[in-house]
Amino acid sequence: MRVRQLIRQLPGVAGAISVVAAGLVLGVGAPAAAAPPMLAVEMVCGALDVRWTSDPLDDSVEPVDTVVLRNDVVVEEFTMVGSGFRRYGAAGGDLFVIRRAGERDTPPVPFRAPDGCTDAPELQVSADNGCTGLELTLANRGTGSVDGLLLVTADTFPAGETLAPVPPGTTELAFALPDGTAYQLITGPFALDAPTWITGTYAPPADCEAPSPTPTPGATMPGMPTVAATPGGGSAGGELPVTGAAGIAYVVGGVALVAAGLALLAGVRRRRIRFVSGGDR
């Protein structure tokens, strides 16, 4: 009886074994979930270093869109790939957050200057897109001026435009940039380890009005004929009427000619008229 029961149960046992085996095969063959690069931060005098590393043999590590914020202001947006390094200008008390797509934001990282760092700039930077160009707000919380700031754009790379020293307090600056111009404010000169204060791409707001065209000297309105001056003082083509004193002289002359013609016509008519008496018929 037990043998018969075992024989009857064999199909079910075989089926269960097949399901377990299939699960093991799928589990082994399924690719591991993609993992972002490993992050590490380091605080140096006046800047925060952000580093990321990836195992070159680990195929599960994929590029990830990244946003770096300082005090809730976007400092940079880029794609984190493989292993790399970024340096961001920082002052005591700044809070940095690194946001990566598909991942939780990192806990806020409070910046603390290392021991012996006494001359780092105490600077806060924000940027806005104005209708006429890029608008930078620089808040210097220190007691001395901040020197060496450099605005680098796609058109001025790598020399950039050196900013005047920023005194204590708040300074607002405006830069006329073409639409779509990428920019980067750094402590110069430009180098891979130059501290970045803010980056972005200028784009005028959608509600900006188009500037009115400024007439240029000698320009004509649309539809008006263009008259080129000639050496004799007249106009090319002779199509426009003559006005002013010369026009009055022409009118007076014309009236005089008409009057003379009428007088001659009257004289001719008088000569042709004859009076005939009755005795001459």
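Since the model is a prediction, treat every value here as computed from it, not as a measurement. Values below: all heavy atoms of this structure, side chains included; hydrogens, waters and symmetry mates excluded.
- Between V50 and V68, every side-chain heavy-atom pair lies at or beyond the 4.5 Å cut-off.
- Between L69 and R99, some side-chain heavy-atom pair lies under the 4.5 Å cut-off.
- A donor-acceptor pair under 3.5 Å is absent between the side-chain atoms of T156 and the main chain of A159, judged by distance alone.
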Item to complete: Run the numbers on E161 and V152 for side-chain contact (heavy atoms from CB on, under 4.5 Å), then give the verdict.
Response: CA-CA 6 Å; E161 179 179 351; V152 181; over 6 Å; no

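- Taking every heavy atom of both residues into account, M43 and P110 meet most closely at CE-O, 3.0 Å.
- Remark: E42 CD to F85 CZ distance equals 8.5 Å, nearest 0.5 Å.
- Between the side chain of S54 and the main chain of G82, a donor-acceptor pair closer than 3.5 Å is present.
- No donor-acceptor distance shorter than 3.5 angstrom exists from the side chain of T153 to the backbone of L151, with no hydrogens or angles considered.
- A 6.0 Å sphere centred on CG of D115 holds no more than 12 heavy atoms belonging to other residues, nucleotides or ligands.
- Side-chain N or O atoms of R100 include one that pairs as donor or acceptor with a backbone N or O of P37 at under 3.5 Å.
- Taking the six-membered ring for Trp and the full ring otherwise, the centers of F157 and F190 sit less than 6.0 Å from each other.
- In the hydrophobic clustering of this structure, L134 groups with V166; members are Ile, Leu, Val, Met, Phe, Trp, Tyr whose side-chain heavy atoms approach within less than 4.5 Å, directly or through other members.
- When hydrophobic clusters are built by joining Ile, Leu, Val, Met, Phe, Trp and Tyr residues whose side-chain heavy atoms come closer than 4.5 Å, directly or via intermediates, V44 is not grouped with L48.
- Annotation: the span from R51 atom CZ to R87 atom CZ amounts to 7.5 Å, rounded to 0.5 Å.
- Here the CG-CZ distance, from L185 to F175, works out to 8.0 Å after rounding to the nearest 0.5 Å.
- Checked against a 6.0 Å centroid threshold, the rings of W52 and F78 count as neighbours.
- The side-chain heavy atoms of N140 and L138, taken from C-beta on, include no pair separated by under 4.5 Å.
- Side chains of D49 and V41 form no contact here, defined as non-hydrogen atoms less than 4.5 Å apart.
- A heavy-atom distance below 4.5 Å is not found between the side chains of T181 and T201.
- Residues T171 and L136 form no side-chain contact, since every pair of their non-hydrogen atoms from C-beta on lies 4.5 Å or further apart.
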Discussion item. Applying side-chain contact (heavy atoms from CB on, under 4.5 Å) to L39 and M80, what does each step give before you reach the verdict?
Written reply: CA-CA 10 Å; L39 281 176; M80 188 175 289; 3.8 Å; yes

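- Residues T196 and Q184 bring a donor and an acceptor atom of their side chains to less than 3.5 Å of each other.
- Considering all non-hydrogen atoms of both residues, P108 and V97 come closest at CA-CG2, 3.9 Å.
- Scanning both residues, W197 and P121, for their nearest heavy atoms gives CZ2-CG, 3.8 Å.
- From L149, atom CG reaches atom OG1 of T187 across 5.5 Å, with rounding to the nearest 0.5 Å.
- Hydrophobic clustering places V146 together with L173 (ILVMFWY residues linked when any side-chain heavy atoms are closer than 4.5 Å, directly or through intermediates).
- In terms of modelled atom types and a separation under 3.5 Å, the side chain of R70 and the main chain of G89 share a donor-acceptor contact.
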Item to complete: Start with the C-alpha distance between L163 and L150, add both sets of side-chain angles, then the distance that settles side-chain contact (heavy atoms from CB on, under 4.5 Å), and finish with yes or no.
Response: CA-CA 6 Å; L163 276 60; L150 190 70; over 6 Å; no

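- For the residue pair G142 and P168, the shortest heavy atom distance occurs at O-CB, 3.5 Å.
- Closest of all the heavy-atom pairs between S145 and P167 is OG-CA, 3.7 Å.
- Under the 4.5 Å side-chain heavy-atom criterion for grouping Ile, Leu, Val, Met, Phe, Trp and Tyr, V64 is connected to F96 within one hydrophobic cluster.
- Smallest separation of non-hydrogen atoms from E122 and G92: OE1-N, 3.9 Å.
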Worksheet item: Is there a side-chain contact (heavy atoms from CB on, under 4.5 Å) between I198 and V73 once you walk through the steps?
Response: CA-CA 9 Å; I198 201 163; V73 175; 4.2 Å; yes

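- With hydrogens and angles ignored, the 3.5 Å screen pairs no side-chain donor or acceptor of N129 with any backbone N or O of P204.
- Of the N and O atoms on the side chains of D94 and Q124, at least one donor lies less than 3.5 Å from an acceptor on the other residue.
- In this structure the side chain of T137 reaches within 4.5 angstrom of the side chain of T170, judged on heavy atoms.
- A donor-acceptor pair under 3.5 Å is formed between the side chain of Y202 and the backbone N or O of G130.
- In this structure, OG in S126 is found 12.5 Å from CG in D72, a value given to the nearest 0.5 Å.
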